[in-house]
Asker: 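Here you go, one structure.
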Amino acid sequence: MSQKVRVRFAPSPTGALHIGGVRTALFNYLFAKKHGGDFILRIEDTDQRRYVEGAEQYIVNALNWCGIPFDEGVSKEGEFGPYRQSERKHLYKSYADELIAKGKAYYAFDTSEKLDFHRKDHEAKGKTFIYNWHNRLKLKNSLALSPEEVQVKLDAGEDYVIRFKSPQDEKLILTDIIRGDIHIDTNVLDDKVLFKSDGMPTYHLANIVDDHLMEISHVIRGEEWLPSLALHKQLYDAFGWDAPQFAHLPLIMKPVGKGKLSKRDGEKLGFPVFPLSWNESKGYKEEGYFPEAVVNFLALLGWNPGTEQELFSLSELIAAFSLERVNKSGARFDPDKTKWYNQHYLQTKTDAELAGLFEPIVQENASDSVLNNGISIEKIVSLIKERAVFVSDFWQLSDYFFLAPTSYAEKGVKKQWKEGTPDIMNQLVSVLESIEDFSSENVENLVKAWITEKELSFGKVMPPLRLVIVGDMKGPHIFDILSMIGKEESIQRIQASIERLAS
C-alpha cells in the first residue's frame with residue numbers, strides 16, 4: 001500500500017447517527033489506524049432542505065463518546081478543508097463545466113412537470129422511464145438542441161441541471177474489496193444529475209470531487225451505496241483521476257424478520273439504535289452501555305476475525321482488522337448479545353470506578369441514616385456486581401443496604417416467621433447490642449456461638465434474620481450486610497420487623 005491511507009466518514013446532518021453509521025465510522029477508523037493512516041470526518045450537507053439543527057454536533061459527540069475520534073474534519077481543520085460540503089460549493093461548478101467541455105456531461109432543461117409526464121406515460125404502458133442514451137435526443141437538453149439554442153436558454157437564465165452522459169453498449173468491471181468484481185452493462189444506467197438548478201452539486205459530483213481533493217485512498221461505506229459505484233467509477237475515469245479502492249459494508253439486519261435494522265425495531269423490542277439520546281429516543285450511553293462494549297459488538301457485526309475470539313480492546317481490533325474478512329451478507333443484530341458484551345465490560349471495571357458511577361444513584365435514593373453511617377459503596381459494588389449488566393442494576397441489587405425494608409416477601413414470611421421467631425429476634429438484639437467490634441467476622445463468630453450456646457437451630461435464626469434485614473431471602477453473606485449497615489441500623493431493622501410482622 002504505497003499511497004498513504006486516508007479514509008473518510010461522510011454522513012449527512014439529517015438527524016441522529018444510526019448505529020449502522022457508527023459501525024461504518026468504526027470500520028473506517030480501524031482500517032486507517034491499522035495502516036498508520038488518517039480518519040476524516042466530512043459533513044455532506046448539500047441537501048439543505050433536509051438539514052437538521054444539532055445533527056452535526058451530535059455526530060461529533062457520538063464519535064468522541066465511542067472513542068473513535070477523527071484526525072481531521074469539522075472543528076478539527078486540516079490542510080484539506082473546509083470539511084462541510086456547503087462551504088465548498090464554490091468548487092463544484094467548475095468540475096461540472098469541465099465534464100461538459102469533455103463531452104462527458106450535458107445541460108438538461110426539462111421541467112419537473114415534463115419528466116413527471118414521461119414517468120406516468122411509461123408506467124401506463126408497463127415500462128420504467130430512464131433518462132439515458134435511448135431517449136435523451138428526444139428530450140430538452142444540450143445534446144438534442146443546437147449550440148445556439150442552448151446559449152439562448154443559458155443567457156435567459158432558464159433553469160437547468162447538468163447530467164452525466166452515461167455511455168452506450170459498454171461493459172464495466174468494477175472491483176470491490178469485499179465483493180470482488182462486479183459486471184455492469186452501461187445500457188441500464190441512467191444519466192444521473194450532477195448539478196442541480198439551485199446551484200448545488202448532487203451527492204455524486206460533490207462526493208467524487210471531495211474524495212479526489214482530499215486524497216482519499218479507500219472509500220469504505222454502506223451497501224446502500226453499491227448502486228452508485230458504476231457512476232462514481234465512471235466520473236473518476238471522465239476526469240482522468242485515479243479512483244480510490246472501494247469497499248461496501250453489509251447491512252445490519254433486524255433481530256427478527258427481514259430487512260435492515262430501523263429505529264422502529266428498537267422501539268418495538270426495547271433497545272437503542274442510536275449511540276446517544278436524540279429527541280425522545282434514548283441512546284446506548286443513556287441506557288448505561290459502556291462505549292467499549294458498543295465498539296466491541298459493532299466490530300463483530302459483519303466482520304469476522306477468523307478465530308473464536310469475541311472480546312477485543314480497541315487496540316486489539318486495530319491489529320486484527322482487515323476488509324478482506326468483512327462478510328458480504330447482512331449481519332443480524334442481537335440485542336441480548338449487546339447486553340452480554342456490556343456485562344463483560346462492567347466486570348472488568350474496578351470497584352472504585354463502578355462506585356463512582358453508582359454514587360449519584362445512591363445519593364438520590366438512600367436514607368440519611370445509612371449515608372451518615374459512612375457506608376462503603378465500593379464494598380457493596382464488589383458484593384453485587386457479578387449479577388449486574390448495567391450500573392443502573394446496582395440499585396435493585398443493593399437497595400436494602402441503603403434503605404430499611406418497609407415490607408417483607410410474602411413467601412419468606414410464610415416460611416420463616418414462626419410463633420417463636422419474635423422472641424428469638426429480641427434475644428438476638430441483646431446479643432448485637434453487646435458487641436463492640438461490629439466487623440463481619442466478629443459478629444458472625446459471636447452470633448454463631450450464641451446460637452450454639454442456646455441450643456437453637458441455625459434455621460430458626462439465620463433465615464428470619466435475612467428476611468428482616470433485607471426484606472427478602474436474597475443478598476450476599478448476611479454478616480457482611482450487618483457489618484456494613486452498622487449496629488444501630490441492624491438493631492432498628494430487627495425491632496421494626498417484630499412490630500410490623502406482629503400486626
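What you see is a predicted model; the values in this text were computed from it and never measured.
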Asker: Would you sort out whether Asp121 and Arg119 count as a salt bridge (charged side-chain N to carboxylate O under 4.0 Å, His left out), showing the intermediate values?
Answerer: CA-CA 5 Å; Asp121 183 52; Arg119 276 189 204 98; over 6 Å; no

Asker: Of all heavy-atom pairs between Asp176 and Leu226, which one has the smallest distance, and what is that distance?
Answerer: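 Of all heavy-atom pairs spanning Asp176 and Leu226, the closest is OD2-CD1, 4.3 Å.
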
Asker: Could you check whether any side-chain heavy atom of Leu99 comes within less than 4.5 Å of a side-chain heavy atom of Ile162, counting everything from C-beta outward?
Answerer: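 No; the side chains remain at least 4.5 Å from each other.
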
Asker: What residue pairs, at least two apart or across chains, pass salt bridge (charged side-chain N to carboxylate O under 4.0 Å, His left out) with a residue in residues 293-308?
Answerer: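 Matches after skipping sequence neighbours: none remain.
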
Asker: List in chain and number order the residues that pass side-chain contact (heavy atoms from CB on, under 4.5 Å) with Pro305, two or more places apart in sequence or in another chain; answer none if no residue qualifies.
Answerer: Leu300, Trp303, Thr307, Phe312

Asker: Please evaluate residues Asn296 and Glu292 with respect to the criterion side-chain hydrogen bond (donor to acceptor under 3.5 Å, both in side chains), reporting the C-alpha separation (whole Å), side-chain torsions for both, the decisive distance (0.1 Å), and the verdict.
Answerer: CA-CA 6 Å; Asn296 198 154; Glu292 313 94 288; over 6 Å; no

Asker: Any donor-acceptor pair under 3.5 Å linking the side-chain atoms of His118 with those of Asp116?
Answerer: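 Short answer, no.
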
Asker: Does Lys474 have any salt bridge (Lys or Arg N to Asp or Glu O under 4.0 Å) partners at least two apart in sequence or in another chain, and if so, which?
Answerer: none

Asker: Only counting residues at least two apart or in another chain, list the ones meeting salt bridge (Lys or Arg N to Asp or Glu O under 4.0 Å) with Glu359.
Answerer: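 Salt bridge (Lys or Arg N to Asp or Glu O under 4.0 Å) check on Glu359 returns nothing, list empty.
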
Asker: Who passes side-chain contact (heavy atoms from CB on, under 4.5 Å) against Asp198, sequence neighbours left out?
Answerer: Lys196, Met200

Asker: Can you list every side-chain hydrogen bond (donor to acceptor under 3.5 Å, both in side chains) pair that touches residues 309-323, not counting sequence neighbours?
Answerer: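 As it turns out, the side-chain hydrogen bond (donor to acceptor under 3.5 Å, both in side chains) pairs with a partner in residues 309-323, which skip direct neighbours, are Glu310-Lys337, Ser313-Ser315, Ser313-Glu316.
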
Asker: Are the ring centres of Phe39 and Phe70 closer than 6.0 Å?
Answerer: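 No - the distance between ring centres of Phe39 and Phe70 does not fall below the 6.0 Å cut-off.
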
Asker: Which heavy atom of Pro275 sits nearest a heavy atom of Tyr58, and at what distance?
Answerer: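 That closest heavy-atom pairing would be CD-OH, 3.4 Å.
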
Asker: Is Asp210 salt-bridged to Arg42, going by a charged N under 4.0 Å from an acidic O?
Answerer: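 Result for this pair is yes, salt bridge flagged.
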
Asker: Taking only residues at least two apart or on different chains, which pairs with a member in residues 279-289 satisfy side-chain hydrogen bond (donor to acceptor under 3.5 Å, both in side chains)?
Answerer: Ser277-Glu286, Tyr289-Thr338

Asker: Please enumerate all residues that pass side-chain contact (heavy atoms from CB on, under 4.5 Å) together with Asn304, with sequence neighbours excluded.
Answerer: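 Partners of Asn304 by the side-chain contact (heavy atoms from CB on, under 4.5 Å) criterion, ordered by chain and then number, come out as Arg325, Asn327.
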
Asker: So, is the end of the Lys153 side chain (NZ or CZ) under 6.0 Å from the ring centre of Phe109 and within 45° of the ring's axis?
Answerer: yes

Asker: Pairs in or reaching into residues 6-27: which pass side-chain hydrogen bond (donor to acceptor under 3.5 Å, both in side chains), with residues at least two apart or in two chains?
Answerer: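 For residues 6-27, and leaving out neighbouring residues, the side-chain hydrogen bond (donor to acceptor under 3.5 Å, both in side chains) pairs sorted by first residue read Arg6-Asp38, Arg6-Glu72, Arg8-Asp211.
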
Asker: For Leu30 versus Ile318, what's the shortest heavy-atom pair and its separation?
Answerer: CD2-CG1, 3.7 Å

Asker: Who pairs with Lys328 by side-chain contact (heavy atoms from CB on, under 4.5 Å), at least two apart in sequence or on another chain?
Answerer: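 Counting only residues at least two positions away or on another chain, Lys328 forms a side-chain contact (heavy atoms from CB on, under 4.5 Å) with Ile178, Arg179.
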
Asker: Among residues at least two apart in sequence or on other chains, which ones pass side-chain hydrogen bond (donor to acceptor under 3.5 Å, both in side chains) with Lys104?
Answerer: none

Asker: Once salt bridge (Lys or Arg N to Asp or Glu O under 4.0 Å) is applied, do any residues pair with Lys140, and if so which ones, sequence neighbours excluded?
Answerer: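 Counting only residues at least two positions away or on another chain, Lys140 forms no salt bridge (Lys or Arg N to Asp or Glu O under 4.0 Å).
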
Asker: Starting from the C-alpha separation in whole Å, work towards a yes-or-no answer on ring-ring contact (aromatic ring centres under 6.0 Å, His included) for Phe31 and His218.
Answerer: CA-CA 9 Å; Phe31 184 78; His218 295 75; 4.7 Å; yes

Asker: Less than 4.0 angstrom from a charged side-chain N to a carboxylate O is my criterion; do Asp265 and Lys254 meet it?
Answerer: yes

Asker: Could you check whether Lys127 pairs with Glu123 (Lys NZ or Arg NE/NH1/NH2 to Asp/Glu carboxylate O, under 4.0 Å)?
Answerer: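 No, this pair does not count.
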
Asker: Can you tell which of Asn141, Asp191, Asp190 makes a side chain to side chain donor-acceptor pair (under 3.5 Å) with Tyr131?
Answerer: Asn141

Asker: How far apart are the closest heavy atoms of Lys102 and Ala238, and which atoms are they?
Answerer: NZ-O, 3.1 Å

